[in-house]
Amino acid sequence: MKYLNIDDKRSLDIVCLGRLTIDLNPISSEGFKPLKDVHKFEKYVGGSPANIACGITRHGLKAGFIGRVSDDQFGDFVVEYFQKQGIDTSQIKRCQHGEKLGLTFTEMLSSTQSSILMYRNQAADLQLCVDDISEEYIASAKALLISGTSLAASPSREAALKAVMLAKKTKTPIIFDIDYREYNWSSKDEISIYYSMVAKEADIIMGSREEFDLTERLIQIGNTDHQSAEYWLHQNAKVVVIKHGKKGSNAYLTNGESHAIKPFPVNSRKGFGGGDGYASAFLYGVFKEWNLLKCLEYASAQASMMVRSNNCSVDLPTIEEVKSFILEEKRKYGEDVVDCKENELCQD
């Protein structure tokens, strides 16, 4: 099924814009314990759009990135890691006034309880500015992915909005990953204002139920998934995906088609990273024009694979690995292990 009006002559598949960070995760041998008791960490590239860029590249799509990093060893680490993955880094700029990459320390207390501790004072990614946004570069992409975190503060906010405007001008489909992080925002009204500005222009919108509620705060409070989807599909969206974490996700199309799916059962290591795996697998399916249910199945599978992993980027699987995982899960739990209906998910 064709979801987006994609120009196959363009050199890049998806250009991602937004957050680049460093993840510092307790090594597996630390087990489950409070962050204060952890002594050994592993360092990874992090940030939702960064992980999505890694994920789609792992599946054979060509990714580019628009962002800012610190002018230091951590900035070198991110850029060099991307280059080794085959991600185009020509539009990643260095900060010149001492801004640093955000650091994310992760706490893994049990298979069902985890949290993050962020250090984001003068974060490098939020220094992205309008002069960093190239119309030519956006026009070289089959789609542009905007991460909602980029809208949290200036000058990154204006840079992201400029990218959206240029995407519309160059007929580049827009993917909006709402990507809400509470620590970046000072006002819920601001969240709704800026998220809804991008959502109204987006061809694909992906987010959790909480993220849609925040986006719709100044539009309509208390929407169900179906009501949210109906609203955005009457704007510009062709696909709306609403996630409910461990309970599953719903997806909707303009033709009235919708499907719901549950996660594949796994023993979790952490409660984060699944959304980025979900997004990259779902978008791969969109680009391959799979039917909606298959897109959801692969997205759910990859999300489950990532919550059992100790990181959010290095362990992103290939499509063959996702296929093998699905076959094994269905062998264990049955063919309908993830099938469900919309009203079986959490409609609070």
Side-chain angles (χ1 to χ4, degrees), residues 16 18-28 30-32 35 38 41-59 63 65 78 81-82 85 87 101-118 120 125 145 147-149 177-184 206-208 210-211 241 243-249 261-284 296 298-319 321-322 325-326 329:
C16 299
R19 191 168 85 260
L20 290 161
T21 61
I22 300 292
D23 284 353
L24 293 162
N25 298 349
I27 64 172
S28 298
E30 289 278 353
F32 293 116
L35 184 59
V38 174
F41 297 86
E42 294 175 322
K43 178 173 94 281
Y44 300 99
V45 170
S48 292
N51 295 334
I52 291 170
C54 292
I56 61 173
T57 300
R58 206 68 48 83
H59 296 336
F65 205 95
V78 170
Y81 181 78
F82 268 15
Q85 300 304 303
I87 298 168
L101 280 171
L103 300 180
T104 305
F105 289 87
T106 61
E107 181 176 55
M108 303 173 189
L109 295 171
S110 71
S111 61
T112 60
Q113 189 178 7
S114 58
S115 64
I116 59 175
L117 175 63
M118 291 292 302
R120 282 182 62 76
D125 58 277
L145 183 143
S147 167
T149 305
D177 177 27
I178 301 177
D179 187 27
Y180 170 66
R181 297 293 182 269
E182 182 180 6
Y183 46 76
N184 287 303
M206 300 183 294
S208 68
E210 178 194 13
E211 290 171 331
V241 178
K243 297 176 285 185
H244 291 271
K246 295 176 182 179
K247 295 185 178 180
S249 58
I261 200 164
K262 295 180 293 188
F264 285 87
V266 293
N267 292 321
S268 299
R269 168 66 173 156
K270 60 189 189 313
F272 44 86
D276 305 335
Y278 184 108
S280 55
F282 185 84
L283 293 173
Y284 177 80
L296 283 172
Y298 274 70
S300 182
Q302 187 156 296
S304 293
M305 294 174 78
M306 292 311 296
V307 296
R308 71 178 185 180
S309 166
N310 201 54
N311 64 78
C312 303
S313 55
V314 170
D315 287 347
L316 283 158
T318 65
I319 279 295
E321 289 170 335
V322 179
F325 172 83
I326 292 172
E329 289 284 293

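What you see is a predicted model; the values in this text were computed from it and never measured.
Side-chain N or O atoms of Q85 include none that pairs as donor or acceptor with a backbone N or O of C54 at under 3.5 Å. Side chain of R58 to main chain of V314: a donor-acceptor pair is present (N/O by atom type, distance under 3.5 Å, no hydrogens or angles). D315 places no side-chain N or O within donor-acceptor distance of the main-chain N or O of M306, the cut-off being under 3.5 Å. With hydrogens and angles ignored, the 3.5 Å screen pairs a side-chain donor or acceptor of T21 with a backbone N or O of G47. T149 places a side-chain N or O within 3.5 Å of a backbone atom of D179 that can act as its donor or acceptor partner. No donor-acceptor pair closer than 3.5 Å links the side chain of S268 to the backbone N or O of T112. Not a single donor-acceptor pair under 3.5 Å links the side chain of E30 to the backbone N or O of V38. Judged by distance alone, the side chain of S304 and the main-chain N or O of P263 form no donor-acceptor pair under 3.5 Å.
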- [ ] Go through the steps for Y298 and Y284 under the test ring-ring contact (aromatic ring centres under 6.0 Å, His included), then give the verdict.
- [x] CA-CA 9 Å; Y298 274 70; Y284 177 80; 8.0 Å; no
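In this structure the side chain of S309 reaches within 4.5 angstrom of the side chain of K270, judged on heavy atoms.
Separation of atoms CG (N25) and CD1 (I116) is listed at 10.5 Å; rounding is to 0.5 Å.
Between the side chains of D276 and S48, at least one donor-acceptor pair of N or O atoms lies under 3.5 Å. Judged by distance alone, the side chains of E42 and N310 do bring a donor and an acceptor atom under 3.5 Å apart.
In this structure, F82 has its ring center under 6.0 Å from that of F65.
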